[in-house]
Amino acid sequence: MDGSLSGRAIREEKILVSNDTEDDPRVNKEACRLVGIRSMIVVPLVHQVKTIGVLKAHSSVPSAFSEADARTLELVAALLASAISKSMEFDEKHNLVSSLQASQIKLKQAKEDADRNNQTKSNFLANMSHEVRTPINGIVGITDLLLESELSTDQRELGETIKRSA
């Protein structure tokens with residue numbers, strides 16, 4: 001864009017008209033000759049103080065554009081800039097919604113994983129509780145039988161300690 005009328009229109013943020021590219025030092029004469037351009041209007045597409053492109057009209061005839069043509073292109077450029085901007089905003093919102101949906105799916109999966117892990121933990125604890133409780137009940141029962149027999153004072157204290165611990 002350096003050295004072009006389009007680049008200059010973007011930098012200056014204003015409509016630029018070249019009535020004759022052969023006499024205008026702002027344009028690349030060789031490039032204009034290659035494609036047969038003798039006059040042009042370049043209108044920056046500005047939306048919310050941001051230049052998002054240019055609208056360019058050109059002709060093979062010098063001084064082909066009037067002031068009315070420039071104003072018309074300015075109106076068209078404003079409408080075009082607004083439409084492009086709305087499209088860009090739509091894309092941004094669409095991307096945001098897609099990102100939120102992806103996050104929602106990940107959160108749902110994480111919740112399902114957490115629920116599954118919680119159920120696994122609960123099953124493990126229930127099994128372990130059963131596995132520990134059964135032998136302890138056996139120890140308590142045998143200790144009760146032991147305490148009903150004749151024991152020395154030391155043996156009885158040890159038996160009571162076993163029962164309380166179990």
Side-chain angles (χ1 to χ4, degrees), residues 1-138 165-166:
M1 291 196 333
D2 289 336
S4 73
L5 201 60
S6 297
R8 188 174 193 143
I10 289 171
R11 279 191 306 281
E12 295 178 14
E13 296 181 347
K14 65 179 186 179
I15 298 173
L16 296 180
V17 178
S18 176
N19 287 318
D20 191 347
T21 58
E22 290 296 318
D23 299 332
D24 194 334
R26 302 172 300 170
V27 301
N28 182 332
K29 288 177 186 51
E30 291 79 27
C32 289
R33 284 181 191 140
L34 279 174
V35 292
I37 296 174
R38 285 296 301 269
S39 60
M40 71 177 96
I41 299 176
V42 181
V43 185
L45 301 175
V46 180
H47 185 71
Q48 297 179 351
V49 301
K50 181 180 177 188
T51 303
I52 57 175
V54 294
L55 175 61
K56 189 177 198 177
H58 54 82
S59 173
S60 59
V61 177
S63 300
F65 301 103
S66 67
E67 184 64 30
D69 294 330
R71 295 301 141 233
T72 301
L73 283 177
E74 185 175 30
L75 289 173
V76 170
L79 292 171
L80 186 57
S82 179
I84 291 170
S85 180
K86 289 202 182 307
S87 175
M88 291 166 57
E89 288 172 8
F90 175 81
D91 285 345
E92 288 171 7
K93 287 177 184 175
H94 177 73
N95 290 340
L96 180 60
V97 167
S98 295
S99 176
L100 287 172
Q101 287 173 336
S103 294
Q104 193 174 31
I105 289 168
K106 287 180 184 177
L107 284 172
K108 183 179 177 184
Q109 183 63 46
K111 183 189 179 304
E112 289 171 0
D113 290 348
D115 288 345
R116 195 170 30 259
N117 289 340
N118 191 36
Q119 185 60 46
T120 301
K121 178 192 74 166
S122 294
N123 291 343
F124 172 78
L125 290 175
N127 288 337
M128 286 306 297
S129 175
H130 174 75
E131 294 299 321
V132 169
R133 204 173 38 246
T134 301
I136 295 282
N137 285 338
S165 296

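Just so it is clear, the values below take in all heavy atoms, side chains as well, and ignore hydrogens, waters and symmetry mates.
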- Assess whether salt bridge (Lys or Arg N to Asp or Glu O under 4.0 Å) is satisfied between Glu67 and Arg71, documenting all intermediate values. CA-CA 6 Å; Glu67 184 64 30; Arg71 295 301 141 233; 2.6 Å; yes
- Quick note, side chain to side chain donor-acceptor pair (under 3.5 Å) partners involving residues 78-99, not counting sequence neighbours, are His47-Ser85
- Task: Show your reasoning for whether side-chain contact (heavy atoms from CB on, under 4.5 Å) applies to Ile15 and Ile41.
- Result: CA-CA 7 Å; Ile15 298 173; Ile41 299 176; 3.9 Å; yes
- Message: Test your reading of the model: is there a side-chain donor-acceptor pair from Ser60 to the backbone of Gly36, 3.5 Å cut-off?
- Response: no
- Between Arg38 (side chain) and Cys32 (backbone), is there a donor-acceptor pair under 3.5 Å? no
- Message: Within the structure provided, determine whether Lys121 and Asn117 are in side-chain contact (heavy-atom separation under 4.5 Å).
- Response: no
- Task: Assess whether side-chain contact (heavy atoms from CB on, under 4.5 Å) is satisfied between Ser59 and Ser39, documenting all intermediate values.
- Result: CA-CA 5 Å; Ser59 173; Ser39 60; 3.6 Å; yes
- Task: Starting at CG of Asn19, measure out to CE of Met40 and round the result to the nearest 0.5 Å.
- Result: 11.0 Å
- Pairwise distance CD(Glu74) to CG(Leu79) - rounded to 0.5 angstrom: 11.0 Å
- Message: Working note: Asn127 + His130, criterion side-chain contact (heavy atoms from CB on, under 4.5 Å); need CA distance, chi angles, decisive distance, verdict.
- Response: CA-CA 5 Å; Asn127 288 337; His130 174 75; 5.7 Å; no
- Distance in Å, Leu5 CG paired with Ile10 CD1, rounded so as to fall on 0.5 Å steps: 10.5 Å
- I would like to know whether Lys108 and Gln104 meet side-chain contact (heavy atoms from CB on, under 4.5 Å); could you show each step before the answer? CA-CA 6 Å; Lys108 183 179 177 184; Gln104 193 174 31; 5.9 Å; no
- Quick one: NE2 on His58 to OG1 on Thr21, what's the gap to the nearest 0.5 Å? 11.0 Å
- Given side-chain hydrogen bond (donor to acceptor under 3.5 Å, both in side chains), test Asp115 with Gln119 step by step and report yes or no. CA-CA 6 Å; Asp115 288 345; Gln119 185 60 46; over 6 Å; no
- Test item: Lys29 side-chain N/O and Asp24 main-chain N/O as donor-acceptor pair under 3.5 Å: yes
- Item | Atom of Asp69, atom of Ala64 and distance for their closest heavy-atom approach | OD2-O, 3.9 Å
- Message: Would you compute the distance between atom CD1 of Ile52 and atom CG of Leu80 and round it to the nearest 0.5 angstrom?
- Response: 7.5 Å
- Taking all atoms of both residues into account, what is the closest heavy-atom pair of Ser6 and Val42, and its distance? CA-CG1, 3.7 Å
- Item | Partners meeting side-chain hydrogen bond (donor to acceptor under 3.5 Å, both in side chains) with Glu12 (sequence neighbours left out) | Arg8
- Ile136 CD1 to Ser129 OG distance, which is reported to the nearest 0.5 Å: 10.5 Å
- Query: Which atom names give the shortest non-hydrogen contact between Val43 and Ala77, and what distance separates them?
  - Reply: CG1-CB, 3.4 Å
